[in-house]
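Notes follow the structure.
Keep in mind the model is a prediction, meaning the values are calculated, not measured.
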Amino acid sequence: MVAYVLNKHGKPLMPCHPAKARILLKQGKAKVVQRTPFTIQLLHGSSGYKQHITLGVSSGYKHIGLSAVSGKRELYASEIELRDDISKLLTERREYRRFRRYRKTPYRKPRFLNRRRPEGWLPPSVRARFEHTLKWIERLTKFLPDPEIIVEIARFDTQKLQNPDVEGEEYQKGNLYGYANVLEYLLARENGKCQLCGKGYGGNGNGWQIHHIIPRSKGGTDRPDNLALLHRKCHEKIHRNPKLMAKLKKPKLYKEPAYLNSFRLQLIEELKALLKDRVKFTYGYLTKIHRNKIGLPKTHANDAVAMTGFTNPKDIDIITIIRQVRKKKRSLHEATPRKGRTKPNTEAKRNSKNTKQIRTKDGKLWCLWDKVKVDGQVGFISGFTSGSYAYIQDINGNYIRLAGKNYKQVPLKQTILIRRNNNWVERVMMA
Ligand SMILES: [Zn+2]
């Protein structure tokens, strides 16, 4: 656990121990600038020594894992959950509009001038994911001095599959790396299914093996089209009974998820342009090998820390969980009836469902997703029920109730505001 430090000009310095931060604050040599993550700013000059920091970025479909390490210390870890409901909401909006125009507009000229996709276009969902990743890297560099950034670009290295003889750093480290690369490829190609029995991972003692369709002794190559994914037991069966070879399912043509395939190059280019030589790239199979080596279970944050080459998992103690939330809802009425109703509520604007903020009688303002404390518990306002009650959730989306009560409404009278809302709810947890 560390406290982040800025110099008097607001530039990041190496993080320090929280105890040291407390002393500096007590002596009046520093002030608190941020609670999550805990950051102080020095009020006077400082030597400003720096050590090498590596920041691993694991960017998945819905999650981003981040981990910054320096030597044997983990300085930062977080797991960010992005919203995945946006494209669904946009489709819904489009349908409502279509229907409304069908009802209300007799004729509307078709538009045609705005159909061309500009250069560098990415599907909005991919673009958003990419930009969120960049944004969070940028946020971290505000309190971590000059990290080197490592980004995972794919699960395996297709170029090394086409040229299995290619010589590279990983190949020189031993056969394990080449094997793991091919295995990850075959798992993706066969969708994790055995080509003989068609079942998924067989567990301990019946794990995956790679079968050469034409044996190497007869000139068969290591190219993926000569390789089959089999359980260990199925592999033995095939060698005992070569007639089973005919039963082997033909390998599928491997297609990468569309967004990865066509946009990876562009993403690499954009990352390089933005981060210059501070960015490096790696592959999922390498991450996985290293993560297993240091004995960490699969999570996004653990992937990120494995990427950096970290070797001291004992130091991993806290993690910031961050969730993207929907702060606004602009529709003024319900389009479809709510659960338990037959008609949509035409007065929904006045109703709690769409309330973004309220002012209680004592003059205090409360907004959706404000971070608050109630009854000693920290949570986030997820909705309002009336002029003076709110629903409060913890970071995992569970409702916070007052001690001894089984209803979810919490009186705002007893609630303390910790931080005004933004588009993210975040909470520091033990890892
Ligand atoms: Zn099998």
Side-chain angles (χ1 to χ4, degrees), residues 58-65 79 81-82 84 125-126 129 151-162 164 170 175-215 220-241 244-264 281-307:
S58 146
S59 179
Y61 184 78
K62 199 183 167 186
H63 294 88
I64 305 172
E79 211 156 274
E81 185 185 317
L82 300 174
D84 61 351
S125 54
V126 179
R129 214 146 56 220
V151 182
E152 184 180 298
I153 43 173
R155 251 171 91 181
F156 45 82
D157 186 346
T158 18
Q159 286 197 311
K160 281 192 182 152
L161 292 171
Q162 298 310 317
E170 288 85 38
N175 222 359
L176 173 69
Y177 291 88
Y179 173 80
N181 188 27
V182 175
L183 183 61
E184 286 297 317
Y185 172 82
L186 292 178
L187 283 170
R189 185 186 75 183
E190 300 303 329
N191 207 7
K193 302 276 161 65
C194 170
Q195 278 174 255
L196 188 68
C197 70
K199 289 183 185 143
Y201 181 62
N204 260 348
N206 196 22
W208 294 120
Q209 292 199 340
I210 296 174
H211 171 62
H212 286 78
I213 297 168
I214 301 171
T221 65
D222 283 339
R223 291 173 66 99
D225 49 4
N226 189 41
L227 300 175
L229 179 72
L230 296 177
H231 291 115
R232 187 180 69 83
K233 286 178 185 162
C234 295
H235 194 194
E236 283 167 8
K237 245 189 246 172
I238 254 188
H239 281 280
R240 275 200 304 267
N241 183 4
L244 284 174
M245 282 288 287
K247 281 200 167 176
L248 213 59
K249 286 198 189 70
K250 286 256 145 28
K252 296 176 204 134
L253 254 181
Y254 174 64
K255 277 196 193 132
E256 275 182 284
Y259 84 91
L260 273 179
N261 197 26
S262 33
F263 305 123
R264 181 185 302 135
F281 299 96
T282 187
Y283 292 94
Y285 75 99
L286 295 173
T287 308
K288 198 168 160 187
I289 291 174
H290 191 71
R291 180 166 50 71
N292 288 337
K293 210 193 273 175
I294 53 176
L296 292 174
K298 162 131 190 84
T299 67
H300 301 278
N302 286 348
D303 272 345
V305 75
M307 249 175 245

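Remark: Glu79 engages no residue in a side chain to side chain donor-acceptor pair (under 3.5 Å) (not counting sequence neighbours). Among residues two or more places apart in sequence or in another chain, the side chain to side chain donor-acceptor pair (under 3.5 Å) test is passed with Thr287 by Glu152. Take Thr282 and apply the side chain to side chain donor-acceptor pair (under 3.5 Å) test, not counting sequence neighbours, and it matches no residue. Every residue two or more places apart in sequence or in another chain that forms a ring-ring contact (aromatic ring centres under 6.0 Å, His included) with His211 is listed here: His235, His239.
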Solution key, residues 189-198 side-chain donor-acceptor pairs under 3.5 Å, sequence neighbours excluded:
from: Arg189; atom 1: NH1; to: Pro224; atom 2: O; distance (Å): 3.0
from: Arg189; atom 1: NH2; to: Gln195; atom 2: OE1; distance (Å): 3.3
from: Arg189; atom 1: NH2; to: Leu227; atom 2: O; distance (Å): 2.9
from: Gln195; atom 1: OE1; to: Leu229; atom 2: N; distance (Å): 2.8
from: Gln195; atom 1: NE2; to: Lys249; atom 2: O; distance (Å): 2.9

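In this structure, Phe156 and Tyr185 have perpendicular ring planes: the angle between them is above 60°, well past the 30° mark.
Nearest heavy atom pair, residue Asp157 against residue Tyr285, reads N-CE2, 4.0 Å. The two residues Asn206 and Lys233 have their closest heavy-atom pair at OD1-N, 2.9 Å.
At a threshold of 4.5 Å between non-hydrogen side-chain atoms, the residues Ile213 and Met245 count as touching.
Within the structure, the salt bridge (charged side-chain N to carboxylate O under 4.0 Å, His left out) test picks out the following pairs touching residues 292-301 (sequence neighbours left out): Lys298-Asp303.
Formation of a donor-acceptor pair under 3.5 Å by the Arg232 side chain with backbone atoms of Gly205 is found in this model.
For the atom pair Leu248 CG and Leu230 CG, the distance stands at 5.5 Å (nearest 0.5 Å).
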